[in-house]
**Student:** 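Let me begin by handing over the structure; questions about it come next.
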Amino acid sequence: MITKGSRAMAKLDIYLFSCLSDNFGVLIHDDAAGVTASIDAPDAAAVRAALAKTGWKLTHILTTHHHADHVDGNLELKNETKCLIVGPKGEADKIPGIDIKVGGGDMYQLGSFEAKVLDTPGHTLGHISYWFPEAKVAFVGDTLFALGCGRILEGDPNMMWDSLQRLAALPPETAFYCGHEYTQANARFNLTIEPGNAALVARSKEIDALRSAGKPTLPSTIGAELATNVFLRAQSPEIQTRLAMLDEQDWKVFAEIRARKNRG
Ligand code: ZN
Ligand code: FE
């Protein structure tokens, strides 16, 4: 699947593919600049197959975090292509082959496009996301999922809530790509938390249709998540009432939702 974000002179092509059991791989390509980046490298063979299919030549890997299902392909792909590996400075020692260390507030120039780096810790302590404002797209790893969020494996709920808020503050039209296809299971869970949300009910039907047609549920947009993702909706009166947490702090409501998802 190739979608295009564009501005006057340059366009960023995006190729999304499935790999491993439920990971997404993504290639982004700036033809004019001759640049192709893999967002994470879950599996060298799958990335190689995607490069063959698109005809693009790998020049970069943009790493979001250190988990094996995001970095396992790094060294093999670097050996084959001499690509540069960009990754989180907060956990650089765990990123195989890292060349360029970046953190929140940094800007990384990829071909004609600027990537703004956002610190999004919680799933891991050094986790970062890449936002391309001109292409209106963000790559958020295992922080924000379509209708979900990553498990809080290294940080705490307060930290994860802040990271999610950083992503929620991007322009609503921003498309985002996450690390996993968990959307259908997330939708079922979301409906147990906010069943009266008509936008969520409608979206979950769309997701069922996509999945039964064997299609990916990405990209989503920040605006769609704000309307339907219960992990961003701590201020919803329906959710606060259901959880008996009226007027409780947002991050505490979020923490309770995350705890319920972990149990479910
Ligand atoms: Zn992960
Ligand atoms: Fe992952």
Side-chain angles (χ1 to χ4, degrees), residues 14-28 37-47 49-50 61-77 85-98 101-104 117-131 137-164 166-167 175-187 189 211 216-220 225 229 231-232 254-255 257-259 261-262 264:
I14 300 180
Y15 181 79
L16 174 71
F17 56 98
S18 301
C19 56
L20 302 178
S21 57
D22 51 32
N23 278 76
F24 281 118
V26 186
L27 296 179
I28 62 177
S38 179
I39 308 300
D40 289 325
D43 176 50
V47 173
I61 295 171
L62 303 184
T63 305
T64 61
H65 68 294
H66 70 80
H67 287 154
D69 62 312
H70 297 258
V71 302
D72 258 5
N74 278 20
L75 293 181
E76 214 173 312
L77 292 166
I85 299 181
V86 182
K89 68 177 172 198
E91 53 193 41
D93 54 330
K94 297 177 181 161
I95 310 297
I98 190 168
K101 301 165 188 177
V102 294
V117 179
L118 306 172
D119 277 330
T120 49
H123 179 67
T124 66
L125 285 177
H127 194 299
I128 56 173
S129 298
Y130 299 88
W131 172 40
V137 65
F139 302 95
V140 303
D142 289 356
T143 299
L144 176 66
F145 291 132
L147 291 177
C149 75
R151 280 179 184 270
I152 304 167
L153 297 176
E154 296 180 9
D156 58 41
N158 203 345
M159 177 190 285
M160 189 66 159
W161 171 255
D162 284 348
S163 294
L164 290 169
R166 215 159 282 143
L167 297 172
F176 74 90
Y177 292 81
C178 54
H180 294 270
E181 178 62 270
Y182 292 154
T183 317
Q184 195 168 33
N186 287 342
F189 171 76
R211 295 309 292 152
T217 59
L218 294 190
S220 178
E225 296 308 310
N229 182 334
F231 295 91
L232 299 180
F254 163 74
I257 296 170
R258 186 62 255 184
K261 178 69 164 62
N262 291 351

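Keep in mind that what you see is a predicted model, and the values were worked out from it rather than measured. Order of listing sets the numbers, starting from 1, for every ligand and every atom in it.
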**Student:** Taking the Zn ion (ligand 1) as the vertex, measure the angle between atom NE2 in His123 and atom ND1 in His67; round to 10°.
**Tutor:**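 Seen from the Zn ion (ligand 1), NE2 and ND1 are separated by roughly 80°.
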**Student:** Would you please indicate if the ring centroids of His67 and His127 are separated by under 6.0 Å?
**Tutor:**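 No, too far apart.
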**Student:** Can you name the N/O/S atom of Asp69 that is nearest the Fe ion (ligand 2)?
**Tutor:**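 Result: OD2.
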**Student:** Taking Thr120 as the fixed residue, which of Leu144, Asp162, Thr143 is the one that meets the side-chain contact (heavy atoms from CB on, under 4.5 Å) rule?
**Tutor:** Thr143
**Student:** Quick one: closest heavy-atom pair of Thr124 and Glu91, and the distance?
**Tutor:** OG1-OE1, 3.0 Å
**Student:** If the test is side-chain contact (heavy atoms from CB on, under 4.5 Å), which one of Val47, Thr63, Ile28 qualifies with Ile39?
**Tutor:**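 Output: one option passes, namely Ile28.
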**Student:** Have a look at the Zn ion (ligand 1) and estimate, to 10 degrees, the angle subtended by NE2 (His65) and OD2 (Asp142).
**Tutor:** 90°
**Student:** Which N, O or S atom name in Asp142 marks its closest approach to the Fe ion (ligand 2)?
**Tutor:**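 Nearest to the Fe ion (ligand 2) within Asp142's N, O and S set: OD2.
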**Student:** Which N, O or S atom name in His70 marks its closest approach to the Fe ion (ligand 2)?
**Tutor:**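 So the atom name we want here is NE2.
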**Student:** So which heavy atom on Phe231 is nearest to which on Trp161, and how close?
**Tutor:** O-CZ3, 3.4 Å
**Student:** Is the distance from the Fe ion (ligand 2) to some N, O or S atom of His65 under 2.8 Å?
**Tutor:** no
